[in-house]
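Read the structure below first, then the notes.
Values below: every heavy atom of this structure, side chains too, minus hydrogens, waters and symmetry copies. Whatever order the structure lists them in is the order used to number ligands and atoms, beginning at 1.
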Amino acid sequence: MMLRKLLNSVDSQFLNGLKLQIGGSSYLASRSVFSLPEAVGLDSDRSDEENGEMDWDNLGFALTPTDYMYVMKCSRDGYFTHGKLNRYGNIELSPSAGVLNYGQGLFEGLKAYRRAKGAGFLLFRPEENAKRMQVGAERMCMPAPSVDQFTHAVEQTVLANKRWVPPSGKGSLYIRPLLIGSGAILGLAPAPEYTFLVYAAPVGTYFKEGMAPINLLIERETHRATPGGTGGVKTIANYAPVLQAQMRAKSKGFSDVLYLDSVNKRYLEEASSCNLFIVKGGVISTPYTNGTILPGITRKSIIELARNNGYQVSERLVSIDDLREADEVFCTGTAVVVSPVSSITYQGHRYRYRTGEETVSKKLYEALTSIQMGLVEDKLGWIVNIN
Ligand code: PMP
């Protein structure tokens, strides 16, 4: 019964004409035919009963396989169609797939929270992730799902895995949309076929420190991005290259690495998976995004919340000298939320920062998470409710 209801809703949203973006242009797709998910007959998994397998009090940021993933293919004609929920599991790819050989791939990350009171779940600004994927897709020569297709797929993934959404206050369901060149290609060229896939896993805090302040190391040799490169989009190709520096920093006890601009080696860019903010004399500054820094959705939201709360926020070049003089430093991202930084180490010097209850980062953390968890009214229209 539940499965039929779900498919009907997929049907009505998708069969009445699909819109999708390719290279910034919008196309109207022809009617598509949905096949039944491979997961027929597994309705009992979809119950929202407490998941006895999980230790909700000790969630970190690790992969827990869930029940379903959403898969949608885009063929040579550039149309995404045939979106459906499949049982979560391995996918089959040609050894010659564009993503495996040439890194033609993007990912996104967003979270669903369980309502504190009443049934249902809350998504934070999913249309921003959809738009960022479209920008990245253009850079990587891929077609992208429309904002509606993206949001619908995310909602279906949450509903199909609702027993994996942690109880309110214990964590969230981290949702990972992927867009990959799944078609086979030998010479360097865009793949002939693309797959959009959404899976999810329950998570708690990102850093092993939990909610405690983190310690960062400034990296001088490895650069995350270069002007004209792909640092400003969320391509999979930006992440493996930072592993070496990240592992080095972790082996010395640091939580993560801060990257410098590759031209002057003087201006701060961001950490491996989060944006950077500093506070000096009550003024908040963050490196401006010029193509080498990922335009974080948390970053954008924090800038807006801070301004609404009377803070002056400046998007500008932030140098190592600014860091030396800062009162507070914090990082932002979907996974890390708002993480206070207690120290930054550069060329053997450790600079320390204020942390704790009375800090700007703590106030902004509270302001942001109370919206994300539905504890205050969503005056900015950032929340998408799913039931
Ligand atoms: N920078 C990088 C390199 C990231 O991978 C992320 C995580 N998406 C961020 C910043 C933060 O972005 P967001 O706030 O959208 O999660």
Side-chain angles (χ1 to χ4, degrees), residues 61 103 105-113 123-136 139-140 147 150-151 154 172-179 198 200-201 203 205-207 214 216 219 222-226 229-246 249 255-262 267-278 286-306 313 315 318 329-339 341 361 364-365 367-369 371-372 380 382 384:
F61 203 88
L106 291 166
F107 70 98
E108 272 301 328
L110 64 163
K111 283 176 172 172
Y113 287 89
L123 280 176
F124 186 68
R125 310 188 79 176
E127 68 291 342
E128 291 292 330
N129 296 88
K131 286 191 264 176
R132 187 166 65 188
M133 181 169 267
Q134 289 180 342
V135 172
R139 178 68 178 83
M140 304 296 287
V147 172
F150 182 101
T151 309
V154 167
S172 58
L173 187 72
Y174 181 77
I175 303 148
R176 176 52 69 81
L178 296 177
L179 179 63
V198 186
V203 297
T205 57
Y206 183 77
F207 291 114
I214 55 174
L216 301 176
E219 168 66 41
T222 304
H223 293 285
R224 192 191 154 268
T226 49
T230 56
V233 297
K234 214 165 158 55
T235 169
I236 58 171
N238 288 343
Y239 292 84
V242 303
L243 289 177
Q244 201 182 40
Q246 199 196 42
S255 327
D256 201 353
V257 175
L258 270 184
Y259 296 96
L260 293 174
D261 80 282
S262 61
Y267 300 105
L268 271 308
E269 300 226 302
E270 58 182 326
S272 312
S273 62
C274 44
N275 294 116
L276 181 79
F277 284 80
I278 67 168
T286 188
Y288 68 74
T289 53
N290 61 355
T292 56
I293 294 172
L294 191 81
I297 294 156
T298 322
R299 174 187 179 279
K300 179 175 175 177
S301 309
I302 284 292
I303 291 173
E304 199 170 331
L305 280 179
V313 184
E315 293 181 67
V318 175
V329 177
F330 60 93
C331 289
T332 65
T334 300
V336 309
V337 194
V338 176
S339 262
V341 175
S361 73
L364 293 173
Y365 170 86
L368 178 70
T369 54
I371 297 174
Q372 291 176 328
L380 298 160
W382 284 350
V384 171

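Checked options Arg125, Arg132, Lys131, Lys234; the residue passing with Glu108 is Arg132 (criterion: salt bridge (Lys or Arg N to Asp or Glu O under 4.0 Å)).
Panel note: side chain Thr286, backbone Leu276; a donor-acceptor pair is recorded below 3.5 Å. The main-chain N or O of Leu260 is found under 3.5 Å from a side-chain atom of His223 such that the two form a donor-acceptor pair.
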What does the contact table look like for ligand 1 (nitrogen or oxygen on each side, cut-off under 3.5 Å)?
{"from": "ligand 1", "atom 1": "1 (N)", "to": "Glu270", "atom 2": "OE1", "distance (Å)": "2.5"}
{"from": "ligand 1", "atom 1": "5 (O)", "to": "Lys234", "atom 2": "NZ", "distance (Å)": "3.1"}
{"from": "ligand 1", "atom 1": "5 (O)", "to": "Tyr239", "atom 2": "OH", "distance (Å)": "2.5"}
{"from": "ligand 1", "atom 1": "8 (N)", "to": "Lys234", "atom 2": "NZ", "distance (Å)": "2.7"}
{"from": "ligand 1", "atom 1": "14 (O)", "to": "Ile297", "atom 2": "N", "distance (Å)": "3.2"}
{"from": "ligand 1", "atom 1": "14 (O)", "to": "Thr298", "atom 2": "N", "distance (Å)": "2.9"}
{"from": "ligand 1", "atom 1": "14 (O)", "to": "Thr298", "atom 2": "OG1", "distance (Å)": "2.6"}
{"from": "ligand 1", "atom 1": "15 (O)", "to": "Arg132", "atom 2": "NH1", "distance (Å)": "2.8"}
{"from": "ligand 1", "atom 1": "15 (O)", "to": "Arg132", "atom 2": "NH2", "distance (Å)": "3.1"}
{"from": "ligand 1", "atom 1": "15 (O)", "to": "Ile297", "atom 2": "N", "distance (Å)": "2.8"}
{"from": "ligand 1", "atom 1": "16 (O)", "to": "Thr334", "atom 2": "N", "distance (Å)": "2.8"}
{"from": "ligand 1", "atom 1": "16 (O)", "to": "Thr334", "atom 2": "OG1", "distance (Å)": "2.6"}

| said: Between Thr298 and Asn275, does the side-chain hydrogen bond (donor to acceptor under 3.5 Å, both in side chains) criterion hold? Intermediate values first, please. | reply: CA-CA 8 Å; Thr298 322; Asn275 294 116; over 6 Å; no
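A donor and an acceptor atom, one from each side chain of Asp261 and Thr292, are nowhere located under 3.5 Å apart.
Every residue was checked against the ring pair (Phe, Tyr, Trp, His ring centres under 6.0 Å) condition with Tyr113, not counting sequence neighbours, and none meets it.
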